[in-house]
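After the structure tokens below, expect a handful of questions from me.
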Amino acid sequence: MDKLWRTMWAFRNQLIIFLVPLLLLPLPLVIPGKAAGCGYTIILMAIYWCTEALPLAVTAFIPVLLFPMFGIMESSKVCVEYLNDTNMLLLGGLMVAVAVEHWNLHKRIALRVLLIVGVKPSLLMLGFMSVTAFLSMWISNTATTAMMVPIAQAVLDQLHKTEIRSLEHGLDKGHEELGLQEMNKIITNPLAVEIAPEKLNSTNIETENIKQIDHSKYNTGEKCNGQLPGTEDGVFLQQEREMKLQKHLKLSKGMSLSVCYAASIGGTSTLTGTTPNLIMKGQLDYLFPENGDIINFATWFGFSFPCMLIMLALTWVWLQILYLGFNLKENFGCGDGNSQEDVSAYRVIKEEVKNLGRMTFAEIAVLTLFILLVILWFTRDPGFIPGWATVLFNKDEKDFVTDATVVIFISVLMFMLPSDKPRLPCFHGSSDDDGTGNNCKYGPAPALLNWKTVQDNLAWNIVMLLGGGFALAKGSEASGLSKWLGDQLTPLEAIPPWAIVVILCLLIATFTECASNVATTSLFLPILAAMAKRIHLHPLYVMLPSTLCASFAFMLPVATPPNSIVFSYGYLKVADMAKTGIVVNLIGVMVITLAVNTWGQVMFDLGTFPDWANSTVAP
């Protein structure tokens, strides 16, 4: 029996791929009609997305196959959804992010901010969270986490090593140099017998393991400073080293979690920060085409950025409580000068900055284009005053220029502008030799971006996932499934709107722990839009908080790539992430509920049912 289960587990993906469609087949056969066919497609894709039996992007192509077969939509209309205006906005945003990463601009920004913040534990954690959140607003959460975690671990390791050296120096002061060397040979690394030095940083060392070390093995009878290692100084040093190591491991856990949580939280604050945000905009524009571009870069930022700041602050406080405690003098350095540990950790960051060298021509160019992009986004249609696009291009209540137009413009410029000054004698001297014996090749420098770099580094699977979500939304509307689901949710009219938001946020925050945030928003948003329309609730009142909560996957390593990255470093157990993440999830739900009932009401007039919500999708 055990062999059978092991065999089934080994072939679980194949079993899911072939058995699930067969088991679901009675649905469209027993209940004829387009709505049942669309329901079959959605359930099938939901199972594939949750189990990842097929790659997520491959599952997103299923509507191209099944919608025409069920007579829901023509193939040409389904395929258009995979590269519409919102997809182009995502594509342009990803290309700008590739340029930032390619020229290492994100790392320079991160290190510069850390030099300003300082290296006291609490301030260091705050610095890493702030930098990570800011970078994840513009580049992918995964790339941000992958860059920030090694920097954090390098700083923490240096802090730990310096603490140990300071401890040994304090005990050994006044002892003879020869005795000190002998002592170091024996007790410099009491864990060396248990854990290979090269694996120290990647092994999940727990406090329980440390306490089980047999200290008697270190009492070898050799003298150190005229004493045996087992005597008073040696035992004290052994105990202090263990306490310092436990403190280091606890701080490493807190710092790792702070980075991955900040990446997920920061991505919610901009329209292009994470894919669910774009899914919501795309589905809102499709399902309610007369919404007047109510969601754009500026309005999304105005609503979500305060949410991000509040969540970051509360998450930082929670991590302080759990992993650092309330020792203000130690955590914030109140009343202390610069200790040896601070100076050493500061030097680590300073050395990283030094290794980057001076800011290059390419970095300056990318930074300039990036700042220009943000300014153009904010001023295109800020809402409270006419934007440049409204004045110059958008006429007759039609949006000829959108956020996608802006980002594609900046992306194209990156393929045109050079990454260095022209290679001419006037810039490089009159000699044809470059100093290495090779002849210099005069001419234009390579562009800031080239297609090979984009092709190798751009997350094409996210673009396809986004298209699959839009195809599902359009199929749900075209088949009548959305209307049917909205009718079934009519009893929710008896529940206060704020309670509906809380229930939906908790439901989606739980569901997204087991499924990708893209799959979660793609599946839920069409249903929520239909529900809001049926019970005469402002669509944004439920769609906006649900979208943000889809990114609140804080409890499991598999819930989101940033969690998986920090978990791979070995400091964390699943229990650590679960007990920390459940509180962060609750913080997120409370903050989002507060937001939609306060400044969200003012920004989007969420207390009324808008006229554009009654509009129908054009055939």
First locate atom CD1 of I72, then atom OG of S479, and finally report the distance between them rounded to the nearest 0.5 Å.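 Those atoms lie 5.0 Å apart.
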
Would you verify whether the NZ or CZ of R6 falls within 45 degrees of the ring axis of W9 while also being under 6.0 Å from that six-membered ring's centre?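 So R6 doesn't make the cation-pi contact.
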
Determine whether the aromatic ring centres of residues F554 and Y261 are separated by less than 6.0 angstrom.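 Yes, ring centres under 6.0 Å apart.
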
Which pair of heavy atoms, one from Y286 and one from P289, lies closest together, and at what distance?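 Nearest heavy atoms, Y286 then P289: O-CD, 3.6 Å.
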
Quick one: do T512 and C549 satisfy side-chain contact (heavy atoms from CB on, under 4.5 Å)? Show the steps, please. CA-CA 8 Å; T512 197; C549 286; over 6 Å; no

For side-chain contact (heavy atoms from CB on, under 4.5 Å), just list the numbers for M95 and M414, CA-CA rounded to whole Å, side-chain angles, deciding distance to a tenth of an Å, and then say yes or no. CA-CA 9 Å; M95 285 194 285; M414 288 183 171; over 6 Å; no

Side-chain contact, heavy-atom cut-off 4.5 Å: L94 with W460?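 A side-chain contact under 4.5 Å is absent here.
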
Nearest atoms (heavy-atom pairs only) where K533 meets A613: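 Minimum heavy-atom separation between K533 and A613: CE-O, 3.4 Å.
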
Checking L544 against F604 for the side-chain contact (heavy atoms from CB on, under 4.5 Å) test, could you report, in this order, the C-alpha distance in whole Å, the side-chain angles of both residues, the deciding distance, and whether it holds? CA-CA 11 Å; L544 197 54; F604 304 113; 3.8 Å; yes

CZ/F18: more than 12 non-hydrogen atoms of other groups inside 6.0 Å: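 Open.
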
Under 3.5 Å: donor-acceptor pair, side chain of D611, backbone of E290: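 Absent.
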
Can you tell me how far the CD1 atom of I587 sits from the CD1 atom of I582, to the nearest 0.5 Å?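 Spacing of CD1 (I587) from CD1 (I582) equals 11.5 Å.
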
Side chains of H106 and M147: closer than 4.5 Å at any heavy-atom pair?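 They are in side-chain contact.
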
Test side-chain contact (heavy atoms from CB on, under 4.5 Å) on L56 and V518; report intermediate values, then the result. CA-CA 9 Å; L56 298 180; V518 177; over 6 Å; no

Ring geometry between F134 and W138 (parallel below 30°, tilted from 30 to 60°, perpendicular above 60°):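 The arrangement is perpendicular - the two ring planes meet at more than 60°.
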
Any side-chain heavy atom of L540 within less than 4.5 Å of one from L606?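 Yes, close enough: below the 4.5 Å cut-off.
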
Under a 3.5 Å cutoff, is there a donor and acceptor pairing between the side chains of N296 and T299?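 Looking only at side-chain atoms, T299 and N296 do form a donor-acceptor pair, the distance falling under 3.5 Å.
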
Which value, rounded to the nearest 0.5 Å, describes the distance between W377 atom CH2 and T272 atom OG1?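 So the CH2 of W377 and the OG1 of T272 are separated by 4.0 Å.
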
For the pair T268 (side chain) and S264 (backbone), establish whether a donor and an acceptor sit closer than 3.5 Å, ignoring hydrogens and angles.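 Flag not set: sc T268 to bb S264 has no pair under 3.5 Å.
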
Taking the side chain as C-beta and beyond, is there a heavy-atom pair between M88 and L83 under 4.5 Å?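 Yes; the side chains approach each other to less than 4.5 Å.
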
Set of residues satisfying ring-ring contact (aromatic ring centres under 6.0 Å, His included) with respect to F524, sequence neighbours excluded: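 Listed in chain order: F511.
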
With the side chain counted from C-beta on, respond yes when L319 and M129 share a heavy-atom pair under 4.5 Å apart, and no when they do not.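 Yes - at least one pair of side-chain heavy atoms lies under 4.5 Å apart.
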
Donor-acceptor contact present, side-chain W498 to main-chain T593, <3.5 Å: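 Here the side-chain-to-backbone pair does not exist.
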
Is Y40 reaching over with its side chain to a backbone N or O of L29, donor-acceptor style, under 3.5 angstrom?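 A pair under 3.5 Å: no.
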
If you compare all heavy atoms of V566 against all heavy atoms of S256, which two are closest, and at what distance to 0.1 Å?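 Looking at all heavy atoms of both residues, the shortest contact is CG1-O, 3.4 Å.
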
Would you say that L465 contacts T275 through its side chain, given a criterion of any heavy-atom pair below 4.5 Å between the two side chains?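 The answer is no, as the side chains (C-beta and beyond) never meet within the 4.5 Å cut-off.
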
Judged by atom type as modelled, is there a donor-acceptor pair below 3.5 Å linking the side chain of T598 to the main-chain atoms of L594?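 Pair found, side chain donor or acceptor close to backbone of L594.
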
Give a yes or no answer on whether the side chain of R12 reaches the backbone of T51 with a donor-acceptor pair at less than 3.5 Å.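 Not confirmed, R12 side chain does not pair with T51 backbone.
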
Without swapping roles, check the side chain of T270 against the backbone of M137 for a donor-acceptor pair under 3.5 Å.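 Yes: the side chain of T270 pairs with the backbone of M137.
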
Between M148 and V131, which heavy-atom pair has the shortest distance, and what is it?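 Minimum heavy-atom separation between M148 and V131: CE-CG1, 3.8 Å.
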
State whether the side chain of T580 and the backbone N or O of M577 hold a donor-acceptor pair below 3.5 Å, judged by distance alone.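 No.
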
On a heavy-atom basis, which atom in A532 and which in V542 lie closest, and how many Å separate them?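 Looking at all heavy atoms of both residues, the shortest contact is CB-CG2, 3.9 Å.
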
If I compare all heavy atoms of M308 with all of G266, which pair ends up nearest, and what's the gap?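 Residues M308 and G266, closest heavy atoms: SD-CA, 3.7 Å.
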
How many angstroms lie between CG in L54 and CD1 in I47, if you round to the nearest 0.5 Å?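 Spacing of CG (L54) from CD1 (I47) equals 12.0 Å.
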
Short question: side chain of S411, backbone of G92 - any donor-acceptor pair under 3.5 Å?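 Side chain of S411 to backbone of G92: a pair is present.
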
Pair F301 and F378, ring centroids less than 6.0 Å apart: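 Between F378 and F301, which both carry aromatic rings, the centre distance is below 6.0 Å.
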
Taking Y48 for the side chain and I17 for the main chain, is one N or O donor matched with an acceptor at less than 3.5 Å?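 A pair under 3.5 Å: yes.
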
What's the spacing between T547 OG1 and L278 CG if we round to 0.5 Å?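 Atom-to-atom, T547:OG1 and L278:CG are 10.5 Å apart.
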
Tell me, do L44 and P21 make a side-chain contact under 4.5 Å, heavy atoms counted?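 They are in side-chain contact.
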
If you measure only the distance, is there a donor-acceptor pair under 3.5 Å linking the side chains of N563 and T560?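 T560 and N563 do not have a side-chain donor-acceptor pair below 3.5 Å.
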
Considering only heavy atoms from C-beta outward, does the side chain of L257 approach that of L322 to under 4.5 Å?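 L257 vs L322: side chains apart.
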
Which distance, rounded to the nearest 0.5 Å, do you find between the CD1 of I592 and the CG of L504?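 Separation between the atoms: 13.5 Å.
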
